[in-house]
Amino acid sequence: MTSNLLDKGYDPTGVEQRWYDFWEREKLFAAPDDPGDSRCYAIVIPPPNVTGMLHMGHALNITLQDILCRYRRLFGDNVLWMPGTDHAGIATQNVVERQLREEKKSRHDLGREKFIDRVWEWRRDYGGRIIRQLKRLGASCDWDRERFTMDEGLSRAVRTVFVRLYQEGLIYRGEYLINWCPRCHTALADIEVEHEEQNGALYHIRYPAHDGGKGFVVATTRPETMLGDTAVAVHPEDKRYAGSAGRKVRLPLTDRIIPVIEDSYVDISFGTGALKVTPAHDPNDFELGRKHDLDMVKVIDETGKMTPEAGDRFAGLDRFACRKAVVAALQEEGLLEKVEDLTHSVGTCYRCHTVVEPNLSKQWFVNVKPLAEVATRAVKNGKTMIVPEHWEKTYYEWMDNIRDWCVSRQIWWGHRIPAWYCDQCGQEIVAEEAPETCTACGNNALRQDEDVLDTWFSSALWPFSTLGWPDTTPLLKTYFPTSVLVTGFDILFFWVARMMMMGLHFMEDVPFRDVYIHALVRDKDGKKMSKSTGNVIDPITVIDVHGADALRFTLAAFAAQGRDIKLSENRIEGYRHFINKLWNAARFSMMHIDDACADGELDNLSLADRWILSRLATVREEVTDALDHYRFNEGAGALYRFSWHEFCDWYLEAVKPDLYGNKSEIRMAASKRVLWRVLRDMLIMLHPFIPFVTEEIWQILPGTEGSIMKAEFPPSPESANGLQKDPDAESEMALVMDVITGIRNVRGEMNISPGKSLDVLVHVDSDTIRDQIHANRDMIMNLARLGSFDVLPSAEKPKFAATSVVKDATVYVLLEGVIDVDKEKARIEKEMTKISRDIEATFKKLNNSDFLKKAPENVIEKARENNQALLDRKDKLQATLDKLMGIAP
RNA sequence: GGGCGGGUAGCUCAGUUGGGAGAGCAUCGGCCUUACAAGCCGAGGGUCACAGGUUCAAGCCCUGUUCCGCCCACCA
């Protein structure tokens, strides 16, 4: 079903799909390769995961980018919005492995090559899903240029970058203690580890001296790691342990003797002041181990099970089962001194939330420090602006404390590391293409590194790899640096910071002029929406029910800077009403507009005409100012208020007599031209926010051609055809509106039906004000529904009239014969009697000590509230009654 | 432990050169006024977390307190 002029309500179903197809067919999203001298605007999309389903975070992100792109197109810019998806290494591999598990297979059953084929197959079948969902939102990306982080070109960019960084000495391979996820079987970078508060215990364990002395009591939250201890450390200035250095203790449950060392790293005040050192399973202990040249005993393997090194009793046990076993064994031997409850933070995998196990292994690292310094400077110099500004501080903070980036991952799906090892001589060869023979010994027994690169490695190149780098393409020359990056702060470090580093290093320029950081869409408890938590609101469902325009406008109206978004269904419904209101305003206008309205000067204007044109000029200024500074909510708000409360509520009502031909032909023609102009400009300005309904109206609006996407944004006041503000019209109209509202108030208070015609008298001293009111007599009579309206210099207050004061004017609404004072008084008095009875009852209740003592708190509270409401209502009725007495003859 | 954001109407939230306290929804009253009942015309509702300070003037600036949320961090 599609909407047409006869439909009273706007139904987005079908309309949205129809116009989206039209835009694509007409190539309206396409950006030229080489547009010459005209102005360019470019955005690269934050590539969603191929595994992804559209969530509210995407919806917000995409909506904001689409608003910017459509907005810039209306100014005639060449806009490139570069789309694509991310291969999302671990996430995608997980999805396919899960699928295999249902077939009772593992990736190892298939082998690497077959498994990767299988992932590509998955990508072919499901990878387009997220793109189709973006289209439902109205995303105006240049889809013909769609890229994928693992496509041929981008893979080449990845290899080029890896090799160059290697040659520059910024990539190296080394053995370190890394964060290991025993479930995903891969290394994780530091920022891929999430810390969660967990309830645990602090175990105090006695390590007896090897000569039979009492030894030391150490405290640990992870007793199972003691099997890998290779020292006990104390602080050199700890008097309790003076002279301990060099002594030896017996490691319980094993037959090992380990030394006592001194290091100022130890915190004297924590626990017993003695620290067990497990270099192979704790990052700090690892540092201590290197410093003091301790053995590194690996007792937990890659699957989270204990190794043979842990001893026969424990080998093969899961690490958590082992914890229990160790505690039990210690208890048996009487070496467990005490156990305290302790909440502490535990590192977990950001993908699967398995507790991370620090593990010793050989990995590839990027030395990012030199890159980070350049990237920091670029922001400090203002080459890239971060909006809102306060995120700059977070950015600097991270850049300053940055550590080497572990980029190798032990999974199969991703860019395989372009490094080969010679079986013969052990030579390490890093090259873009597979070498035939060893560069050192000439042997051809070469093995490629098994690992793949961190997903973020390829994402870091996105702003230039998608434009054709490492080739110097026209596209790259035209659109790099891009104009703005729009993204959430959750990937400021993962992605934005790394794009800055890579962009500056390889393109020698910032990848984007601005970075706009938008809010995160959270659930009502302030938690991130995530699939695993199950607190996701599906945007597609919302679009099905309310339409994409309603969702987009809601998100834009919510997108205030520096605050998270908590989405409410009510709010979306409210803005859906706005879309409908717009539709109906257009329907009404269309009844009066024809092609001729598009021609001719705007002259012979009425006050309402001048006023609405002035307001249009104002809203034009507000919208451009807002969008130029990424204040989406202000732009949406300004357009909302203008469209509904100025254009619909006042202008359309005011202009009806003109349109119906109650005045002159000239007036009618003039107002039609104004109506056409305002409606047209309003639609154009609304289009970036709500593209579908504005296109739908545009197509049936006389005097327009082609798509609204190709329309011209209303020109600024400085340019030739620019709309001008008209302060005189605004103040005069404000006066008229005040008079009308004053009369309407009286109607409400006195309970006079809107249909009832009233007689009104205005007394005003000032000649100019009097003239202004008099000049707009018709409008006032029409909108306030008056039978007669007289404007006079000050005089005596008429008898039997209600008063409303407006600035220098006093408005008298004559009530003779309009209301039956006695009847009205009787009505009010009757209501007051009833209320008085109710008040008496509640007072009685509230004064009853038994009630106060025995009734539940909430019942008493409710009674009090009820009582107060009744009192308030009574006061109000009394006031009206007083007024009635005052105006009665 | 460090950093950041927030506390405004019953609910969800706007509110930047410091001067009017606002929107949507909800509530109450009146309207089928020929674009729109997904609507129209009105009304009620707030010591802008608390306490000080600067100022002619503070929701907005400064200081302190308190509550909530987020990020970062190697305290076993």
Side-chain angles (χ1 to χ4, degrees), chain A residues 5 7-10 190-191 194-195 202-203 218-222 225 233 265-267 269-278 282-288 342 344-345 347 358 388 390-391 393-394 397-398 401 489-490 492-493 519-520 522 524-528 546 550 554 557-558 560-592 629 631 633-634 636-637 640-641 644-645 648-649 652-653 656 660 740-741 743-756 783-785 869 872-873 876:
Chain A
L5 278 176
D7 292 329
K8 282 185 161 191
Y10 174 70
D190 287 340
I191 52 172
E194 285 181 3
H195 294 268
L202 190 62
Y203 302 86
V218 297
T220 180
T221 52
R222 305 182 57 204
T225 61
Y265 162 74
V266 179
D267 182 348
S269 61
F270 188 91
T272 60
L275 172 73
K276 64 190 272 305
V277 184
T278 323
D282 182 279
N284 304 305
D285 294 5
F286 177 73
E287 290 303 324
L288 279 176
L342 182 76
H344 58 129
S345 81
H390 71 259
W391 286 108
K393 209 171 166 183
T394 313
E397 192 75 22
W398 191 72
N401 299 315
F489 60 80
D490 51 333
L492 183 63
F493 306 140
L520 236 51
R522 297 200 135 98
K524 57 175 180 288
D525 304 318
K527 288 250 159 58
K528 261 196 229 180
H546 301 289
T554 308
F558 260 114
Q561 289 182 7
R563 191 155 178 164
D564 286 340
I565 292 178
K566 285 189 253 172
L567 206 60
S568 111
E569 188 83 20
N570 276 348
R571 196 70 178 258
I572 300 172
E573 210 177 314
Y575 285 116
R576 185 212 172 144
H577 294 172
F578 172 62
I579 307 293
N580 193 54
K581 182 76 180 176
L582 192 66
W583 171 251
N584 278 299
R587 274 179 67 218
F588 170 78
S589 305
M590 235 66 97
M591 288 164 32
H592 303 281
H629 297 94
R631 293 198 284 260
N633 61 317
E634 289 179 22
Y640 180 92
R641 283 189 297 275
W644 197 319
H645 298 302
C648 289
D649 287 353
L652 288 186
E653 294 306 324
K656 273 177 182 173
Y660 286 131
I740 293 167
T741 305
I743 297 168
R744 285 172 175 172
N745 287 349
V746 172
R747 253 186 217 278
E749 269 176 28
M750 295 299 164
N751 204 18
I752 304 165
S753 139
K756 183 87 187 171
L783 295 182
R785 298 202 163 227
D872 290 350
R873 175 75 186 147
K876 220 178 116 188

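By convention in this document, chain letters (A, B, ...) are assigned in the order of the sequence lines, proteins followed by strands, and residues within each chain are numbered from 1. Note that these values count all heavy atoms, side chains included, but never hydrogens, waters or copies made by symmetry.
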What nucleotide, of [options], holds the atom closest to the side chain of [X]?
X: A:Thr220; options: B:A76, B:A43, B:U16; answer: B:A76
X: A:Asn633; options: B:A76, B:G15, B:A38; answer: B:G15
X: A:Trp644; options: B:A43, B:C71, B:C40; answer: B:C40
X: A:Tyr640; options: B:C4, B:G24, B:A14; answer: B:G24
X: A:Arg571; options: B:A43, B:C13, B:C74; answer: B:C13
X: A:Asn284; options: B:C74, B:G24, B:C40; answer: B:C74
X: A:His390; options: B:G5, B:A76, B:C71; answer: B:G5

So [X], base contact, sugar-phosphate only, or nothing? Heavy-atom distance under 4.0 Å.
X: A:Arg744; answer: sugar-phosphate
X: A:Asp267; answer: base
X: A:Lys393; answer: sugar-phosphate
X: A:His645; answer: sugar-phosphate

For [X] and [N], what is the distance between atoms [atom1] and [atom2] respectively, to the nearest whole Å?
X: A:Trp398; N: B:C72; atom1: CH2; atom2: P; answer: 11 Å
X: A:Phe558; N: B:A23; atom1: CZ; atom2: P; answer: 16 Å
X: A:Arg747; N: B:G29; atom1: CZ; atom2: P; answer: 20 Å
X: A:Trp583; N: B:G39; atom1: CH2; atom2: P; answer: 17 Å
X: A:Met750; N: B:G42; atom1: CE; atom2: P; answer: 16 Å
X: A:Arg222; N: B:C75; atom1: CZ; atom2: C1'; answer: 15 Å
X: A:Asn401; N: B:A73; atom1: CG; atom2: P; answer: 9 Å
X: A:Phe578; N: B:G39; atom1: CZ; atom2: P; answer: 12 Å

Whole-Å [atom1] distance, [N] and [M]:
N: B:A21; M: B:C4; atom1: C1'; answer: 28 Å
N: B:A26; M: B:G10; atom1: C1'; answer: 7 Å
N: B:G19; M: B:C61; atom1: C1'; answer: 15 Å
N: B:G22; M: B:C48; atom1: C1'; answer: 11 Å
N: B:C36; M: B:G46; atom1: C1'; answer: 33 Å
N: B:G45; M: B:C40; atom1: C1'; answer: 22 Å

When you measure from the side-chain N and O atoms of A:His577 to the phosphate of B:G24, is any distance below 4.0 Å, counting only OP1 and OP2? no
Applying side chain to side chain contact (heavy atoms under 4.5 Å, CB included), can you list everything that pairs with A:Val218, at least two apart in sequence or on another chain? A:Ile205, A:Tyr207, A:Val232, A:Ala274, A:Lys276
With side chains defined as the heavy atoms from C-beta onward, is the minimum distance between A:His629 and A:Glu634 less than 4.5 Å? no
5' priority, RNA chain B, between A:Phe489 and A:Glu397 [closest heavy atom]: A:Glu397
Going 5' to 3' through nucleotides 30-36 of chain B and flagging B where a protein heavy-atom sits under 4.0 Å of the base, S where only the sugar-phosphate is that close, and - otherwise, we get SS-B-BB
Working note: A:Thr741 + A:Asn745, criterion side-chain contact (heavy atoms from CB on, under 4.5 Å); need CA distance, chi angles, decisive distance, verdict. CA-CA 6 Å; A:Thr741 305; A:Asn745 287 349; 4.1 Å; yes
Verify side-chain contact (heavy atoms from CB on, under 4.5 Å) between A:Leu275 and A:Tyr265, making sure each step is shown before the conclusion. CA-CA 10 Å; A:Leu275 172 73; A:Tyr265 162 74; 3.8 Å; yes
Given a 3.5 Å cut-off on both pairing distances, which stems involving RNA chain B, each at least three consecutive Watson-Crick or G-U pairs, are present, if any? B:1-7 with B:66-72, B:10-13 with B:22-25, B:27-31 with B:39-43, B:49-53 with B:61-65
Test item: A:Asn401 side-chain N/O and A:Glu397 main-chain N/O as donor-acceptor pair under 3.5 Å: yes
